[in-house]
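Working notes, beginning with the structure itself.
Values in this document were obtained by computation on a predicted structure and should not be read as measured data.
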Amino acid sequence: MTDETPPTNSPALAAALAAQDVVAVAYALRNDVIIVPQLVVNGQAEQVRVFGREGTDRRTLLLFSSAENYASMIPDEVDQRFMIGDAQWLREFLTVHQNVLEMVFFDVAGPHVMQAAPADLMRALGPLPGEELADGTEAGR
């Protein structure tokens, strides 16, 4: 058994963003990883870092195709922590926080920014394996 280092980039997501191809972005999200910024408090990075506009309780989730693109957004920040997310993680996060998330941005520091509404991302991700579809069948079968 080998200790495999998790990837810190998604070539599929980067290519989809470069092409501004919504279908390819959805495919990359379902089948590859995403970089999820973490909030560091007292030296601990235990929660997802979301951003908000002043005077509102609505939040924006920023996701990245690579750790380098995340770092370019916050070049002066010393402790740039992130986690590796996948489709299941993203579905669960969007489900739990759908009432406060107004938008999701990908690679907001560039070079190929895209945005999506959380509901659109949920549709693009599709149901989890084992979840019942609208037609009464089970996903993944």
Side-chain angles (χ1 to χ4, degrees), residues 2-141:
T2 60
D3 288 334
E4 198 172 310
T5 303
T8 58
N9 69 336
S10 170
L13 181 57
L17 293 171
Q20 296 290 287
D21 184 336
V22 174
V23 173
V25 168
Y27 181 83
L29 292 175
R30 287 190 305 268
N31 296 288
D32 208 353
V33 298
I34 48 175
I35 303 304
V36 182
Q38 289 189 299
L39 182 63
V40 178
V41 178
N42 297 324
Q44 300 294 316
E46 297 181 3
Q47 67 185 49
V48 173
R49 184 177 191 176
V50 293
F51 298 83
R53 285 184 287 139
E54 235 177 272
T56 177
D57 62 350
R58 304 294 286 173
R59 299 291 176 254
T60 299
L61 176 64
L62 305 181
L63 301 173
F64 296 86
S65 64
S66 70
E68 292 78 20
N69 285 356
Y70 172 48
S72 71
M73 185 189 84
I74 52 169
D76 297 330
E77 196 165 300
V78 177
D79 197 357
Q80 302 173 354
R81 297 211 202 161
F82 59 88
M83 61 177 268
I84 309 298
D86 61 11
Q88 180 175 339
W89 176 87
L90 185 54
R91 275 186 206 98
E92 291 171 0
F93 188 85
L94 293 173
T95 298
V96 169
H97 300 285
Q98 63 188 335
N99 293 332
V100 296
L101 286 175
E102 66 180 339
M103 194 59 62
V104 179
F105 280 89
F106 297 93
D107 284 355
V108 72
H112 308 288
V113 180
M114 283 186 81
Q115 69 183 48
D120 293 338
L121 281 180
M122 288 296 286
R123 281 190 295 280
L125 290 168
L128 288 168
E131 286 184 334
E132 190 172 295
L133 300 174
D135 65 4
T137 61
E138 192 174 294
R141 290 192 179 202

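Contact check for T60 versus F105: side-chain heavy atoms found under the 4.5 Å cut-off. A 4.5 Å side-chain heavy-atom check between Y70 and V108 finds every atom pair outside the cut-off. You'll find the side chain of L29 stays beyond 4.5 Å of the side chain of Y27, heavy atoms only. Two residues are said to be in side-chain contact when any heavy atoms from C-beta on lie closer than 4.5 Å; N9 and I35 fail this criterion. Looking at heavy atoms from C-beta onward, L63 lies in side-chain contact with V104 at the 4.5 angstrom threshold. Looking at heavy atoms from C-beta onward, L90 lies in side-chain contact with L125 at the 4.5 angstrom threshold. Contact check for V25 versus D21: no side-chain heavy atoms found under the 4.5 Å cut-off. Taking 4.5 Å as the limit, some side-chain heavy atom of F106 sits within range of a side-chain heavy atom of L121.
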Task: Verdict with reasoning, L94 to L101, per side-chain contact (heavy atoms from CB on, under 4.5 Å) - done: CA-CA 8 Å; L94 293 173; L101 286 175; 3.8 Å; yes

TODO: Check the pair R49, Q38 against side-chain contact (heavy atoms from CB on, under 4.5 Å), reporting the backbone distance first and the verdict last.
DONE: CA-CA 5 Å; R49 184 177 191 176; Q38 289 189 299; 5.5 Å; no

TODO: Report the C-alpha distance between F51 and L62 in whole Å, list the side-chain angles of each, state the deciding distance to 0.1 Å, and finish with yes or no for side-chain contact (heavy atoms from CB on, under 4.5 Å).
DONE: CA-CA 8 Å; F51 298 83; L62 305 181; 3.3 Å; yes

- [ ] Might you work through the side-chain contact (heavy atoms from CB on, under 4.5 Å) test for I84 and V36, ending with a clear yes or no?
- [x] CA-CA 6 Å; I84 309 298; V36 182; over 6 Å; no

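There is a side-chain donor-acceptor pair under 3.5 Å between D32 and S10.
Contact record, A71 with Q80: CB-OE1, 3.0 Å, taken as the closest heavy-atom pair.
A search for side chain to side chain donor-acceptor pair (under 3.5 Å) contacts involving D120 returns R123, not counting sequence neighbours. Shown here are the ring-ring contact (aromatic ring centres under 6.0 Å, His included) partners of H112, two or more places apart in sequence or in another chain: there are none. Listed by chain and number, the residues in a side-chain contact (heavy atoms from CB on, under 4.5 Å) with V40 are A45, D79, R81 (sequence neighbours excluded). A search for side chain to side chain donor-acceptor pair (under 3.5 Å) contacts involving S65 returns N69, D107, not counting sequence neighbours. Here Q47 pairs with nothing under the side chain to side chain donor-acceptor pair (under 3.5 Å) rule; sequence neighbours left out. Contacts of F82 classified as ring-ring contact (aromatic ring centres under 6.0 Å, His included), with partners at least two apart in sequence or in another chain: none.
Rounded to the nearest 0.5 Å, atoms CD (Q115) and CG (L61) are 13.0 Å apart.
Without hydrogens or angle criteria, Q98 side chain to P118 main chain gives no donor-acceptor distance under 3.5 Å. Judged by distance alone, the side chain of E92 and the main-chain N or O of W89 form no donor-acceptor pair under 3.5 Å. Not a single donor-acceptor pair under 3.5 Å links the side chain of R59 to the backbone N or O of E102.
The aromatic rings of H97 and F93 sit tilted, their planes meeting at an angle between 30° and 60°.
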